[in-house]
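Quantities reported herein were computed from a predicted structural model and do not represent experimental measurements. We count residues from 1, following the sequence as given. First listed ligand is number 1; within each ligand, the first listed atom is number 1.
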Amino acid sequence: MTDHSAFVAALRRLDAAAKLVDIPEETYVRLRHPKAVLTVSVPLRRDDGSLEMFTAHRVHHNDLRGPGKGGLRYHPDVTLDECKALAFWMTCKCAVMDLPYGGAKGGIAVDPKSLSQLELERLSRGLIRRIAEFIGPQLDIPAPDVYTNERIMGWMMDEYAHVVRRHEPAVITGKPLGLGGSQGRSDATARGGYVCIAKLAEERGWKPAETTVAIQGFGNAGQGIARLLAEDGYRIVAVSDSSGAIVSRDGFDVPSLIRAKNDTRKLEAVYCQGSVCDQVDAERISNGELLELDVDILIPAALEDVITADNAAEVQARVVLELANGPVTSDADDILDQRGITVIPDILANAGGVTVSYYEWVQNRSGDYWSAEDVRQRLEKRMAYQFDQVMRLAADNQVSLRVAAYALALQRLGEAAEAVGTRDLFNGKD
Ligand code: NAD
């Protein structure tokens with residue numbers, strides 16, 4: 001019987017990586033079991049006085065290397081299984097970046113666009129009251145993810161302070177600057193991906209003006225990478241959001257595109273409500289067609305499972321930068337590999353966000369706040385270093401960047417497992 005669980009599918013990524021590293025088998029066994037899961041019902045008093053209940057989950061996948069770290073997502077499709085998969089990726093991502101964190105993730109099954117801003121605030125505060133004992137600066141530190149943003153993180157931090165009766169900014173990252181957020185957090189995910197592209201461009205001798213880019217998803221991650229690449233002269237020829245995609249062979253003027261998308265946001269709304277498709281004069285295509293465009297770089301920056309065994313053979317891009325978590329399914333990996341398409345895997349490509357979240361947590365705990373330039377330099381240095389580690393492992397072992405990134409994560413998790421004691425130690429063989 002085929003198991004369609006997202007968590008089981010995510011674990012498949014470990015199989016090839018485990019062959020490359022000499023780690024205690026029990027590290028690998030432990031990763032197959034999330035440490036703890038919490039499911040809660042969050043009551044929401046709607047503006048019309050009615051009461052509605054929403055299901056939310058929070059998963060601690062592994063905390064061997066440090067407290068859990070991972071986003072909170074608001075989306076109708078949020079399930080416990082998806083949270084387990086995303087938490088597993090966080091464990092691996094934090095290990096790849098050598099951050100002192102384990103992996104966690106959570107979310108509410110809700111369509112946030114159907115809520116007023118006051119309802120959104122009540123729901124976010126209600127969630128924190130339900131999960132307050134499951135999170136904490138040394139336990140599990142949430143952050144923004146799909147359809148959550150810095151304002152929501154600010155409400156959550158404020159509610160947590162009410163619950164625990166003390167100021168505790170390090171409980172959550174991705175906060176507004178005025179509430180202890182870090183400089184450079186808002187475009188950190190994009191900047192991390194940008195460093196990966198810049199390193200690859202250097203190695204392959206790409207000229208930005210001759211390099212075309214298609215981006216799926218035009219939110220925090222998608223807009224950020226579009227802006228950074230366009231500033232370097234790359235040609236952003238296609239973008240999309242949940243309503244559809246647009247393409248312009250000459251390349252878009254990205255600042256106007258961002259303005260057009262964001263101007264349609266109602267002032268009182270937290271979310272971008274406009275669709276890029278209604279704002280800019282360009283040819284409309286579907287989100288599926290965007291993935292199959294003949295471009296140099298394809299950047300999925302929306303949701304998971306968009307490149308699958310069904311469409312991987314149609315992907316024309318030379319490089320896929322996984323800015324979203326899990327956009328390529330494990331059964332599409334081999335197809336892209338065989339076709340010579342380089343995939344920069346999510347656990348490396350989008351790790352800029354968690355890296356600056358870590359910097360935010362460090363600043364909150366020390367009370368010493370850094371400049372934007374300082375944050376940027378630290379991020380770029382760490383990304384470039386870990387990118388080189390993954391590239392070297394891949395070249396030495398003739399494996400994909402994904403297998404190499406998982407191998408690096410396993411190696412670091414294995415070191416931690418050995419340090420606390422494994423079968424060999426307790427059998428007196430160490
Ligand atoms: P966001 O909510 O800011 O933006 C999501 C974008 O995706 C929106 O433009 C939305 O319209 C679009 N979208 C939704 N459904 C779509 C669909 N079916 N087709 C095309 N576009 C669609 O979210 P974000 O923070 O930019 O996150 C995007 C991805 O990046 C997610 O996979 C998230 O897990 C990952 N990520 C984000 C961060 C971060 O710091 N924000 C860090 C690491 C990874």
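- The aromatic rings of His75 and Tyr147 lie parallel to each other, their planes meeting at an angle below 30°, with 60° marking the opposite boundary.
- Under 3.5 Å, the side chains of Ser357 and Arg185 contain a donor-acceptor pair of N or O atoms.
- Among protein heavy atoms, atom 40 (O) of ligand 1 sits closest to Thr189 OG1, 2.7 Å.
- Atom 9 (O) of ligand 1 is flagged as protein-proximal [any protein heavy atom, distance under 4.0 Å].
- The shortest N/O to N/O separation between Lys105 and ligand 1 does not fall below 3.5 Å.
- Between Gly353 and ligand 1, no N or O atom pair is found at a separation short of 3.5 Å.
- Looking at Thr355, its side chain never comes within 3.5 Å of a backbone N or O of Leu379 through a donor-acceptor pair.
- With a 4.0 Å heavy-atom cut-off, ligand 1 is reached by the backbone of Asp241 and by its side chain too.
- The shortest N/O to N/O separation between Lys93 and ligand 1 does not fall below 3.5 Å.
- Under 3.5 Å, the side chains of Ser5 and Lys84 contain no donor-acceptor pair of N or O atoms.
- Comparing Ser242, Ala301, Pro144 by heavy-atom distance to atom 28 (C) of ligand 1, the nearest is Ala301.
- For Thr342 and Arg204, the side-chain atoms include at least one donor-acceptor pair closer than 3.5 Å.
- Neither the backbone nor the side chain of Val354 comes within contact range of ligand 1; no heavy atom lies under 4.0 Å.
- Shortest contact from atom 30 (O) of ligand 1 to any protein heavy atom: Leu323 O, 3.4 Å.
- Aromatic ring centres of Trp361 and Tyr101: separated by under 6.0 Å.
- Under 4.0 Å is where a charged nitrogen must lie from a carboxylate oxygen, and between Arg65 and Asp98 at least one such pair does.
- Among protein heavy atoms, the minimum distance from atom 2 (O) of ligand 1 is reached at Tyr147 N, 2.9 Å.
- In this structure, His61 contributes its side chain and Arg32 its backbone to no donor-acceptor pair below 3.5 Å.
- The heavy atom nearest to atom 6 (C) of ligand 1, considering only Ser186, Gly244, Gly219, Gly192, is found in Gly219.
- One option in Asp145, Asp77, Asn350, Leu86 has a heavy atom closer to atom 33 (C) of ligand 1 than any other, and that option is Asp145.
- Remark: Asp296 does not engage Arg235 in a salt bridge, criterion side-chain N to carboxylate O under 4.0 Å.
- Side-chain contact, Asp15 with Tyr406: no donor N or O sits under 3.5 Å from an acceptor N or O.
- A donor-acceptor distance shorter than 3.5 angstrom exists from the side chain of Gln363 to the backbone of Trp370, with no hydrogens or angles considered.
- Here Arg185 has side-chain heavy atoms under 4.0 Å from ligand 1, and that is the only part of it that gets that close.
- Distances from atom 29 (C) of ligand 1 to the heavy atoms of Ala143, Ala245, Ala302 put Ala302 nearest.
- The protein heavy atom nearest to atom 3 (O) of ligand 1 is Asn220 N, 2.9 Å.
- The shortest N or O to N or O distance between Ser240 and ligand 1 is not below 3.5 Å.
- Within the 4.0 Å heavy-atom criterion, neither part of Glu304 lies near ligand 1.
- Any N or O atom pair closer than 3.5 Å counts here, and Lys261 shares no such pair with ligand 1.
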